[in-house]
Every structure is written in structure tokens, then in C-alpha cells.
Amino acid sequence: MKEVLQKDENNHNQVGCNEVNYELSITQKGMWLYQKMGIDDSIYHLVRVEEVENEILLDDLNQAFAIMIQKYAVLRTRFEEIENEVKQVIVDRYSYTIEEVNIDGDNEEVEEWINQKNKELIGLDQPPYVIAVIHNETKTFLYLKFHNIIIDQESIELLFRDWMKCYEDIRSGVQVDAQIEKTAYISYVKQETEWLNTDKAKEAMTYYLDELKQPLPSLNLPLDFVRPKTQQYKSKCYNFMLSKSDTDNLNKLADKLGASMSTLMNAIYFVFLQRITGDDEIVIGTCKSTRHTEASDEAVGLYTNTVCTRIGFYEDRSFKDLCTYLEQKEKEQEEYCLYPYDLLVNKLVTERDFSRNPVYTTIFEYKDQIPCEQNEFSSPYDLGLLCRKMDEELQCGLLYSTSLFIDQTITRFHTYIIELVKNIITNPEAKISEIDLLPEDEKDIILNKFNATDAQYDKEKTLVHVFEECVKKKPFNTALICGNKQLTYDELNKKANQLAYTLREKGVGPDTIVGIMLYRSVEMMVGILAIQKAGGAYLPIDPAYPNDRIEFMLSDSKAVLLLTTSEYKKEIAYDKEILEAIVDKAIERKTGARGLRSIIEEIMRDIMF
């Protein structure tokens with residue numbers, strides 16, 4: 001224990017007190033490591049914005065929060081490395097002055113301020129939170145931002161209620177309850193350390209390692225953009241309401257199936273994901289409370305853990321059966337949910353893919369708060385469904401990565417979920433494959449308008465023939481545009497011929513399959529055209545697939561060759577040749593000496609044969 005005196009440059013925070021060092025929980029250590037690695041740890045920021053109807057007395061609000069600081073140790077906790085080991089340092093006195101912000105403008109200016117504030121990182125060298133009162137021309141808002149390393153959403157709700165009651169008591173001149181919390185978070189950390197050495201913890205570890213055994217499935221969402229090589233965390237939330245009628249019917253269905261509303265909505269989300277991906281297995285992450293004692297129910301701290309649920313869709317079960325199965329799974333997980341997710345990641349993930357979250361990339365949560373639709377925030381997930389029970393309706397939010405999806409796609413996903421809900425209410429006994437998620441207007445577009453493709457064409461000509469005719473008619477017209485690259489018909493034809501020549505020398509011809517592992521690019525189109533010119537068939541492979549899936553596809557298809565670039569080469573077990581998709585100068589000279597036309601004619605003869 002030592003005495004310290006600190007004062008920040010803005011005069012917001014002052015400390016003059018004794019401090020004590022404690023160990024971190026496993027989850028806290030994972031969050032600390034993120035910041036240590038320089039990864040955008042704003043994904044761990046928890047934000048709450050409340051519109052205030054009555055006038056705020058800032059002095060009383062500060063006084064009430066000062067009582068909260070003394071009451072709850074997490075509000076006096078900072079983090080530092082001591083002798084090469086990170087510790088959480090709790091001081092016995094700490095003061096914080098709430099920031100007051102005056103904005104000239106309407107709610108849009110307030111949203112802009114909030115979005116900017118959300119992006120600012122919170123240092124852990126002092127208690128990690130920001131609190132502000134925002135005034136604009138007509139309204140007043142309370143802005144709270146905490147780092148998840150000290151607190152969870154449920155604790156924020158408990159803290160906020162206690163703070164507001166304390167504030168009202170001060171204003172009313174009523175005796176304030178300033179009793180120190182009975183259960184401090186550091187007690188939980190100690191209990192976790194002890195529990196991890198028990199047989200129950202070993203049993204939990206065995207359960208999850210079996211549930212999440214390799215190969216772990218990748219969620220193949222229909223993305224609008226190519227997945228970045230390193231994960232981007234910019235996210236939004238599209239909010240919508242389920243009608244009172246649909247909410248009432250879902251409650252009745254949950255009672256009939258003997259399931260909670262949370263389980264029912266989770267099952268609906270599983271069905272939605274399976275229908276839009278076609279995946280045989282799906283893993284969804286869910287944030288679970290680790291408050292399992294009466295004392296911890298009113299405690300403030302980080303009492304959550306991520307639990308992963310893996311569901312297989314190899315059998316075409318009914319929605320009712322899926323819901324029953326999911327309810328059983330969740331009961332099993334209740335018994336084991338104390339086992340830290342961060343420990344599982346270390347055991348499950350041997351090769352980290354930095355383009356996505358490990359183990360799972362989508363979440364489902366049934367919670368008290370859903371992010372505001374206008375606010376931008378950070379999240380490590382591709383997609384997620386958040387649900388919140390209101391008075392008579394169910395509020396839902398589709399959380400999505402803006403580096404993977406455009407807004408219009410998420411709006412369409414919303415209509416799919418609404419349609420699924422209505423059809424499941426109508427017939428919960430229906431097989432999952434039979435549950436419709438397309439609204440009638442979109443079904444009409446897909447079945448009728450998109451299929452109105454009647455056109456006169458020569459049925460004897462192949463795609464390569466048609467392309468060759470375009471090359472003759474308009475050789476210098478633009479044929480291909482990808483990003484800032486573009487090729488004319490003549491340039492595309494030459495590159496495809498050059499690569500086709502090499503493929504022919506490698507044995508590619510009729511009845512052969514060539515794997516092509518490229519993202520959308522000029523090289524991908526050149527490769528597809530070259531394989532067809534060589535007389536082969538192409539097998540598209542997503543470079544983001546796990547190695548074992550790529551190996552299975554190549555082996556099962558009996559591909560004679562894999563076409564890719566050095567950028568996407570992986571350490572895969574493939575005993576055939578891996579060829580660069582970039583055409584080199586040697587091939588150009590070789591092709592030129594023989595004459596491009598003769599190669600095409602030779603290939604055409606084989607194709608026609």
C-alpha cells in the first residue's frame with residue numbers, strides 16, 4: 001500500500017489517497033492485452049445516453065456521483081503494470097467532475113458530438129469512464145461511457161438507478177444511502193481463481209472443447225464488400241420494432257413451447273442465419289451473466305462471460321424441435337458458463353485469422369439497452385441481433401459491420417426477420433427449409449422480373465466464342481473495371497490467352513477442374529476466362545476459408561491445379577501444383593512466338609469435341 005497524489009491536466013480528476021493492488025480476472029486480462037497490442041479497444045466501450053426531461057442541477061449531480069465513487073470500488077480502479085504484471089489498483093479516495101457541454105444546434109449536432117466522443121479511447125491509467133451533461137437548444141442529455149474492463153451493461157443499469165435515486169434524494173433533502181457495497185468485484189476475481197482449480201472447471205473446459213472442436217465453421221454471410229485482411233471495427237445498429245400483435249403471439253408461442261422469449265428469438269436468429277448462408281453449422285456468441293449468488297445480484301463490476309452455441313443443420317428439423325434443442329443447450333451452458341471464454345480461445349485457436357473475430361463472428365443478446373440507430377460505435381462482429389422487451393412490443397437491433405455491409409442490405413435483412421417471425425408464429429411445426437423468409441414483393445422480383453431473360457442467341461456458341469466475337473467488334477472498349485484497374489476487351493483477351501496457354505501445358509483440358517482461390521479482382525476474371533479457354537472447369541474457393549475446408553474442396557473435386565496469388569497462398573496440404581495467377585513475361589514471349597490465334601483455335605477444337 002502506498003500514498004499517491006495525482007491531478008490531471010484538465011482538473012477533472014483528483015486523487016490523494018492510499019492504493020492497493022489486485023489481480024485481474026481472465027476476462028480483464030484479455031481486454032488489457034487488446035490495448036497492449038495496440039488493437040482498437042473502443043470495442044470495449046459501453047455507452048449510455050439518456051434524455052433528461054427535468055432541469056439538471058449539476059452540483060447535486062456531482063455530489064451524487066461522488067457518493068457512487070465511494071460506494072463502488074470499480075469507480076476508483078485503474079490499471080498499471082507492476083513488475084511486468086498488470087494489476088488493478090484501487091484507491092480509497094477519488095474525485096471526478098462531470099463535464100458540461102453546450103451545443104448550439106439541434107439533435108443532429110448532439111449526435112455528431114456523441115459519435116466523436118464514442119471514438120475517443122479511454123486510458124486505463126486512471127478510472128476508465130467519461131460522464132457529461134449535454135445541453136442543446138431544446139433538450140438535455142446524460143452521456144456515460146465506461147470501459148468494459150471495470151463494468152458490464154447490467155452493472156451500468158444498477159449504477160445508473162442508484163445514482164439517479166441518490167440525486168433525487170439530495171434534491172429532496174432526504175437522507176442518502178451511502179453504504180459501501182457489500183460485494184466488491186475483487187472478491188469475484190479471487191473466487192474465479194479458486195474455481196478454475198476445481199473439478200467443475202475441468203468438466204466445463206472438456207464440455208466446451210468438445211462443443212467447439214475443430215474444424216470450427218465459418219459464417220458465410222452474403223457480404224457487400226470483400227472482407228478486409230485486418231478486422232475493422234466500425235459498426236452501426238439498425239433498430240426496428242416487432243408489432244404488439246407479433247410480440248403477443250411470440251409470447252404465447254414461447255409459453256406453448258416451454259421456452260423463454262430469449263431462447264425463442266435466438267432460435268429465430270439461428271434460422272435466419274441458416275437461410276441466408278446455407279451453412280450446415282453455425283456458431284453464435286452470447287453474453288451471459290456470471291452472477292450466481294444473491295450477493296452478486298446487486299454488485300457492480302464485470303460479471304459477464306461469452307458463451308458460444310453451435311448448432312448443426314444437417315437434419316431438416318422443425319422450428320419447434322430447434323427451439324426445444326436450443327433450450328436444452330442453454331440449460332447445459334448455465335452449468336458451465338463460468339469458464340472464461342478467453343481461456344477457450346487460447347486452447348481452440350492455434351492460427352489466428354486477423355480478418356475476423358475468433359471462434360464466432362455473430363452475436364445474439366436479449367438485453368436492457370440497444371445502441372441508438374444514429375450513433376456509430378465499435379464492434380468486433382460481422383452481424384448480430386439484439387432484442388429488448390419494451391412495455392408491449394419487442395425492440396430489435398441489427399448490429400452490423402459497415403466494412404462488410406451496406407445499409408440497404410441490412411434493411412432487407414430486417415424484412416426477412418419480420419417475415420420469418422410471422423411464418424413461424426403461423427406454423428412452428430414447419431421444417432426449417434420450408435419456412436419462408438422472402439416477402440411477397442421480393443419473391444415476385446426474384447421469380448418473375450429477374451427471370452424475364454428471354455433473348456435470341458446462338459445456342460451453339462460457348463461463352464468463349466461470344467467473348468471472342470466481342471473482342472473482334474470492340475477491341476478497345478472497356479471490358480472490365482475493378483477498383484482503380486480496368487482492361488479493354490483486347491487486353492483481357494491477351495491476358496486470358498497467355499494464362500490459358502500455361503494451363504494447357506500443365507495438363508488442363510476437357511474434364512479437368514482447376515481451383516481458383518482469389519477475391520473479386522482483375523486476376524479472378526482473367527483466371528476464370530483462361531480456365532474456360534483451356535477447356536477446363538473452375539472451382540471458386542474463398543481465400544478466407546479455413547485451411548481444412550480448402551483442402552477438402554480441392555481433394556473432393558480432384559482439382560488438377562490451384563490458381564491463386566502469393567498474397568493468398570496458405571500452408572495447405574495439396575499435392576498438386578499451385579500456380580500464380582499473374583501472367584509473367586516468359587509466358588507472353590512464348591505465346592507470342594506461337595501466335596495467340598492458333599492457341600485459341602486449338603482450345604476451341606477440344607471444347608467443341
Side-chain angles (χ1 to χ4, degrees), residues 47-51 107-108 111 114-115 118 153 219 221-224 234-254 259-277 282 284-287 319 323 361-379 381-426 428 435-443 445:
V47 175
R48 177 167 181 159
V49 181
E50 290 284 339
E51 184 178 336
N107 290 346
E108 287 187 10
E111 291 294 342
I114 290 171
N115 286 336
N118 287 351
Q153 283 283 11
L219 188 64
L221 293 165
L223 308 181
D224 295 310
K234 293 179 181 178
S235 299
K236 286 185 180 179
C237 192
Y238 176 86
N239 294 344
F240 60 95
M241 301 291 291
L242 293 185
S243 68
K244 181 181 183 304
S245 172
D246 285 343
T247 304
D248 287 344
N249 286 326
L250 284 174
N251 278 315
K252 291 174 184 175
L253 179 59
S260 67
M261 192 66 160
S262 172
T263 301
L264 187 69
M265 291 305 298
N266 196 5
I268 289 172
Y269 188 50
F270 263 111
V271 173
F272 164 75
L273 291 175
Q274 199 283 326
R275 295 304 307 278
I276 66 171
T277 64
I282 292 172
I284 294 179
T286 303
C287 193
F319 177 80
C323 206
T361 56
T362 186
I363 60 161
F364 169 81
E365 289 190 11
Y366 200 87
K367 55 197 295 182
D368 293 327
Q369 289 290 322
I370 291 177
C372 297
E373 189 167 26
Q374 298 86 350
N375 294 339
E376 296 175 355
F377 57 96
S378 297
S379 167
Y381 310 116
D382 296 355
L383 191 67
L385 179 64
L386 315 178
C387 297
R388 178 191 182 196
K389 182 69 169 70
M390 307 291 279
D391 291 338
E392 295 183 328
E393 299 174 316
L394 192 69
Q395 182 186 7
C396 299
L398 275 171
L399 179 154
Y400 63 101
S401 168
T402 55
S403 64
L404 301 178
F405 297 102
I406 59 175
D407 297 345
Q408 293 89 330
T409 298
I410 303 305
T411 304
R412 196 169 71 250
F413 285 173
H414 152 238
T415 63
Y416 293 168
I417 290 174
I418 295 294
E419 191 69 20
L420 266 180
V421 166
K422 292 183 181 302
N423 290 326
I424 285 169
I425 288 171
T426 302
I435 303 174
D436 212 344
L437 82 169
L438 291 180
E440 287 302 320
D441 55 349
E442 187 169 347
K443 199 184 301 182
I445 291 172

Got [X] and [Y] here, is their nearest side-chain heavy-atom distance under 4.5 Å?
X	Y	value
T247	E392	no
E111	V49	no
C287	I363	no
T361	Y381	no
I276	L437	yes
F319	I268	yes
L219	L383	no

Test: E440 and K443 ion pair at under 4.0 Å: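 So E440 pairs with K443 through a salt bridge.
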For the residue pair [X] and [Y], what are the closest heavy atoms and their distance?
X	Y	answer
K236	F377	C-CE2, 3.7 Å
R412	E442	CD-OE2, 3.4 Å
C237	N239	SG-OD1, 3.2 Å
S378	S235	C-OG, 4.4 Å
C387	M265	SG-CE, 4.0 Å

Is the [atom1] atom of [X] crowded by more than 12 outside heavy atoms at less than 6.0 Å?
X	atom1	result
K234	NZ	no
K422	NZ	no
E51	CD	yes

Criterion side chain to side chain donor-acceptor pair (under 3.5 Å) on S260 and S262, from CA distance to verdict: CA-CA 5 Å; S260 67; S262 172; 4.7 Å; no
To the closest 0.5 Å, what do you measure between [atom1] ([X]) and [atom2] ([Y])?
X	Y	atom1	atom2	value
T415	L420	OG1	CG	10.0 Å
D382	L221	CG	CG	6.0 Å
F413	I418	CZ	CD1	14.5 Å
F272	I417	CZ	CD1	4.5 Å
M261	L394	CE	CG	5.0 Å
Y366	R388	OH	CZ	11.0 Å

Y400 and its side chain to side chain contact (heavy atoms under 4.5 Å, CB included) partner, picked from D407, T362, T409: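 Looking at D407, T362, T409, the match for Y400 under the side chain to side chain contact (heavy atoms under 4.5 Å, CB included) is D407.
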Result of checking L386, L399, L385 against E365 for side chain to side chain contact (heavy atoms under 4.5 Å, CB included):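 The option that passes is L386.
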Non-neighbouring partners of D248 that pass side chain to side chain contact (heavy atoms under 4.5 Å, CB included), sequence neighbours left out: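 D248 satisfies side chain to side chain contact (heavy atoms under 4.5 Å, CB included) with K244 once adjacent residues are dropped.
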Donor-acceptor contact below 3.5 Å, side chain N249 vs main chain I425: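 Pair absent, no side-chain N/O of N249 close to backbone of I425.
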Main-chain N/O of I435 paired to N423 side chain as donor or acceptor, under 3.5 Å: no
M241/M390 under side-chain contact (heavy atoms from CB on, under 4.5 Å): CA gap, chis, key distance, verdict: CA-CA 9 Å; M241 301 291 291; M390 307 291 279; 4.0 Å; yes
Y269/I284 under side-chain contact (heavy atoms from CB on, under 4.5 Å): CA gap, chis, key distance, verdict: CA-CA 9 Å; Y269 188 50; I284 294 179; 3.6 Å; yes
